[in-house]
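Comments concern the structure below.
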2 protein chains.
Amino acid sequence: MVRLLADPARAAIVDALAAGPACTCHLVEDLGLSQPNVSNHLRALRHAGVVKAEPYGRYTYYHLNADALDAAAAHLTDLAARARATSDNRREC
Amino acid sequence: MVRLLADPARAAIVDALAAGPACTCHLVEDLGLSQPNVSNHLRALRHAGVVKAEPYGRYTYYHLNADALDAAAAHLTDLAARARATSDNRREC
DNA sequence: ACGGGGCATCACCAGAAACTGATATCACCA
DNA sequence: TGGTGATATCAGTTTCTGGTGATGCCCCGT
């Protein structure tokens with residue numbers, strides 16, 4: 001899930017969607033990417049549950065899934081917490 | 001920064017280090033990866049500030065930088081918060 | 001119902017990134 | 001001080017992934 005935010009284009013899409021739901025054409029226009037490219041990224045994000053698609057007539061509106069983002073954040077927070085808790089458990093070679 | 005956790009091998013390294021500081025040989029053994037491979041991943045993580053290296057005689061101990069993980073988590077949390085706050089601002093085409 | 005625009009999907013290509021093998025360096029120990 | 005083990009680095013290969021072009025579908029307006 002975090003894996004998907006690695007690509008700059010996908011990070012830009014997520015960032016743009018943080019400003020509110022938008023349709024594919026908005027993203028294509030705002031980010032200056034090709035339409036198939038945006039569509040492919042959206043598919044990846046959709047399959048991972050990071051964004052949700054909402055057909056609206058001829059358009060498709062996308063919005064972020066805040067819960068998924070929170071879950072990813074929680075995972076990182078957990079790693080940080082575990083790192084702090086075990087910082088003295090140095091393993092011997 | 002989040003970008004680095006995309007690779008499964010690096011995610012595994014970070015996960016292993018969450019259990020406590022360890023030297024390169026531990027990671028090589030635990031993850032079943034080649035030593036140069038692990039070293040290269042550690043270099044990438046080191047340069048991004050995700051892990052810190054600590055020379056210890058002939059060995060090099062690595063430990064996670066909890067602050068960096070928290071910063072990444074905060075970024076995701078911020079995205080989620082913005083997504084919730086703007087969920088009604090649907091842009092018209 | 002016909003034309004057009006928005007969107008998704010697919011096949012392909014190019015660039016990037018990971019893994020490997022060889023090698024250099026350094027610290028420890030006998 | 002020579003040998004060994006741990007680590008880092010580098011060049012080369014392979015694998016993966018993102019971008020593009022072409023195409024088809026669907027919905028809307030006329």
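In this text the structure is predicted, and so the values were computed from the model without any measurement. Computation of the quantities below employed the complete heavy-atom set of this structure, encompassing side-chain atoms and omitting hydrogens, waters and symmetry-equivalent molecules. Within every chain, numbering begins at 1; the chains are lettered A, B, ... in the order of the sequence lines, protein sequences first and strands thereafter.
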Worksheet item: Between A:T60 and A:C23, is there a donor-acceptor pair closer than 3.5 Å when you use the side chain of the first and the backbone of the second?
Response: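 No, because the side chain of A:T60 does not come within donor-acceptor range (under 3.5 Å) of the backbone of A:C23.
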
Item to complete: Would you confirm whether A:Y61, through its side chain, and B:R91, through its main-chain N or O, come within 3.5 Å as a donor-acceptor pair?
Response: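 Yes, because the side chain of A:Y61 sits within donor-acceptor range (under 3.5 Å) of the backbone of B:R91.
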
Whole angstrom value for the distance that separates [atom2] of [N] from [atom1] of [X]:
X: A:L45; N: D:dT17; atom1: CG; atom2: P; result: 15 Å
X: B:L31; N: C:dT20; atom1: CG; atom2: C1'; result: 17 Å
X: B:N40; N: D:dA8; atom1: CG; atom2: C1'; result: 9 Å
X: B:R10; N: C:dA17; atom1: CZ; atom2: C1'; result: 8 Å
X: B:Y61; N: D:dT7; atom1: OH; atom2: P; result: 9 Å
X: A:Y56; N: C:dG6; atom1: OH; atom2: P; result: 16 Å
X: A:E29; N: C:dG5; atom1: CD; atom2: P; result: 15 Å
X: A:N37; N: D:dT17; atom1: CG; atom2: C1'; result: 11 Å

Worksheet item: Which base sits across from D:dG3 as a Watson-Crick or G-U pair, both distances under 3.5 Å?
Response: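 Across all strands, the one nucleotide that pairs with D:dG3 is C:dC28.
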
Worksheet item: If every non-hydrogen atom of A:R46 is compared with every non-hydrogen atom of A:A53, which pair is closest and at what distance?
Response: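 Result for this residue pair: CD-CB, 4.1 Å.
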
Using a strict 4.0 Å threshold on nitrogen-to-oxygen distance, state whether [X] and [Y] make a salt bridge.
X: B:R82; Y: A:D15; answer: yes
X: B:D67; Y: B:K52; answer: no
X: A:E54; Y: B:R90; answer: yes

State whether [X] places a side-chain N or O below 4.0 Å from either non-bridging phosphate oxygen (OP1 or OP2) of [N].
X: B:R58; N: C:dT25; answer: no
X: A:H41; N: D:dT17; answer: no
X: A:Y62; N: C:dA8; answer: yes
X: B:R43; N: C:dA18; answer: no
X: B:T60; N: D:dT7; answer: no
X: B:T24; N: D:dA8; answer: yes
X: A:S39; N: C:dC7; answer: no
X: B:R3; N: C:dA17; answer: yes

Discussion item. I'd like to know if A:Q35 reaches the base of C:dA8 with its side chain, counting only an N/O donor and acceptor under 3.5 Å.
Written reply: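 Donor-acceptor pair under 3.5 Å: yes.
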
Worksheet entry | A:Y59 vs A:P36, nearer the 5' end of DNA chain C by closest nucleotide |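 The residue closer to the strand's 5' end, by nearest nucleotide, is A:Y59.
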
Worksheet item: Just checking B:D7: base, sugar-phosphate only, or nothing, at a heavy-atom cut-off of under 4.0 Å?
Response: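 The answer is sugar-phosphate, as B:D7 gets under 4.0 Å only of primed atoms, P, OP1 or OP2.
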
Item to complete: Report which part of the nucleic acid B:C93 touches: base, sugar-phosphate, or nothing (heavy-atom distance under 4.0 Å, all strands).
Response: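 No contact.
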
